[in-house]
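Hydrogens, waters and symmetry mates play no part in the numbers below; they use all other heavy atoms, side chains included. Computed from a predicted model, the values in this text were never measured in an experiment.
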Amino acid sequence: KWRGVQMEDFPTKGWKINDGSLIAEGAADAAARGGDIVTKNRYAFFEFETEFKLSKAANSGIKYFVRNDYNASSEDMLGLEYQLIDAEGYAETHEPLTETHTMGALYDLIPPSIPAIFIRPAGEWNHARIVSRPDKTVEHWLNHNKVLEYKRGSNNYDALVKRSKFQGLSNFGLASDGHIMLQDLGGAVSFRSIQLRTLAER
């Protein structure tokens, strides 16, 4: 069900399956990484959930409405992103994170609303859920708490995009459907119990 970005098949390096988990090994040397992976199919209205475990300072994400095809440009590999990051470990070696770059955020657009006590630390399993509804409403859930909701294409959404790093990109996040992507950015990240359910358009 998955393939490498701009590949027909699954990466031959950088990812492995072990003890029921799909693992991005997150090598420090970017050349040794397998790169991001995307679903072979495209989805419009769906419920996607997974358990995930981050190594210390790991940075990753779940992107959706990714337009990536085999001959994609860099813009085509962009998508709306559910941020996965060990904020505490990351801050020790990098600049402090802005709220829109923290766990569960809609990356660079909307911060999550969740007390830190509900986020499990690096090395422990967390649960992510993304719901994309036919009315273009999207929800992010973290450890069974809804942490944000927005509507693609709304006036508020457009204003957020114009203030983000994605300003100037035509129709960012507004594709009618797209692939779901798991990122391999740095630091090991494990995924298990991946479930995807399509929602009927009404």
- Query: Any link between Trp141 and Ile130 through a network of hydrophobic side chains (Ile, Leu, Val, Met, Phe, Trp, Tyr) touching at under 4.5 Å?
  - Reply: no
- Which is it for Leu22 and Ile37 under the side-chain contact (heavy atoms from CB on, under 4.5 Å) test, yes or no, and what are the steps along the way? CA-CA 11 Å; Leu22 176 61; Ile37 59 173; 3.9 Å; yes
- Message: How about NZ on Lys136, more than 12 heavy atoms from neighbouring residues, nucleotides or ligands closer than 6.0 Å, or not?
- Response: no
- Message: Tell me whether Arg192 contacts the main-chain N or O of Glu51 through its side chain, where contact means a donor paired with an acceptor under 3.5 Å.
- Response: no
- Item | His127 and Glu49: side chain donor to acceptor below 3.5 Å | yes
- Task: Output, in order, the C-alpha distance, side-chain angles, deciding distance and verdict of side-chain contact (heavy atoms from CB on, under 4.5 Å) for Leu54 and Met103.
- Result: CA-CA 11 Å; Leu54 301 168; Met103 182 90 85; 3.7 Å; yes
- Non-hydrogen atoms of Asp86 and Ala57 that approach each other most closely: OD2-N, 2.7 Å
- Message: Whether the side chain of Asn126 engages the backbone of Arg120 through a donor-acceptor N/O pair (distance < 3.5 Å, no angle test) should be reported.
- Response: yes
- Task: Give, for atom OH of Tyr43 and atom NE2 of His179, the distance between the pair rounded to the nearest 0.5 Å.
- Result: 10.0 Å
- What is the ring orientation for His140 with Tyr64, classed by angle as parallel under 30°, tilted 30 to 60°, or perpendicular over 60°? perpendicular
- Nearest heavy-atom neighbours spanning Thr102 and Glu99: OG1-O, 2.7 Å
- Rounded to the nearest 0.5 Å, what's the gap from NZ on Lys56 to OG1 on Thr93? Could you check? 8.0 Å
- Item | Exam field: side chain His101 to backbone Tyr107, donor-acceptor pair closer than 3.5 Å | no
- What pair of heavy atoms forms the shortest contact from Ser190 to Ile23, and how long is it? OG-CG1, 3.5 Å
- Query: Going by heavy atoms in the side chains, are Phe48 and Ile194 under 4.5 Å from each other?
  - Reply: yes
- Message: Check whether Ser132 reaches the backbone of Val138 with its side chain - one donor and one acceptor, N or O, closer than 3.5 Å.
- Response: no
- Backbone of Met181 reached by a side-chain donor or acceptor of Trp2 within 3.5 Å: no
- For the student: nearest non-hydrogen atoms of Ala58 and Val189, plus distance: CB-CG2, 4.1 Å
- Message: Donor-acceptor pair, distance only, cut-off 3.5 Å: does the side chain of Thr50 make one with the backbone of Phe52?
- Response: no
- Note on the structure: Interatomic distance, CZ@Phe172 vs CZ@Arg67, rounded to 0.5 Å, equals 9.5 Å
- Shortest non-hydrogen contact between Ala32 and Ala27, atoms and distance: CB-CB, 3.8 Å
- Query: Is the backbone N or O of Gln183 less than 3.5 Å from a side-chain atom of Ser60, with the two atoms forming a donor-acceptor pair by type?
  - Reply: yes
- Spacing of CZ belonging to Phe118 relative to CG belonging to Leu142, to within rounding of 0.5 Å: 10.5 Å
- Item | Check: Val131 main-chain N/O paired with Glu139 side-chain donor or acceptor under 3.5 Å | no
- Query: Would a 4.5 Å heavy-atom cut-off, applied to side chains only, mark Ile62 and Leu182 as touching?
  - Reply: yes
- Item | side-chain contact (heavy atoms from CB on, under 4.5 Å) between Tyr150 and Leu80, intermediate numbers included | CA-CA 12 Å; Tyr150 66 99; Leu80 298 162; 3.4 Å; yes
- Task: Indicate the atoms forming the closest heavy-atom contact of Ala44 with Ser176, along with that distance.
- Result: CB-O, 3.2 Å
- So, the side chain of Asp184 versus the backbone of Arg33: is there a donor-acceptor pair under 3.5 Å, distance only? no
- Answer yes or no: is there a side-chain heavy-atom contact under 4.5 Å between Leu160 and Leu106? no
- Query: Would a 4.5 Å heavy-atom cut-off, applied to side chains only, mark Arg3 and Val38 as touching?
  - Reply: yes
- Rounding to 0.5 Å, atoms CZ (Phe65) and CZ (Arg42) come to a distance of 10.0 Å
- Tell me whether Leu148 is reachable from Ile117 by hopping between hydrophobic residues (I, L, V, M, F, W, Y) whose side-chain heavy atoms are closer than 4.5 Å. yes
- Is it true that a side-chain atom of Ser164 and a backbone atom of Leu109 form a donor plus acceptor pair closer than 3.5 Å? no
- Point-to-point distance, once rounded to the nearest 0.5 Å, from CG of Asp36 to CG of Leu185: 6.0 Å
- Message: So Ser193 and Trp125, do their side chains get closer than 4.5 Å, heavy atoms only?
- Response: no
- Query: Is there a donor-acceptor contact under 3.5 Å linking the side chains of Ser154 and Asn156?
  - Reply: no
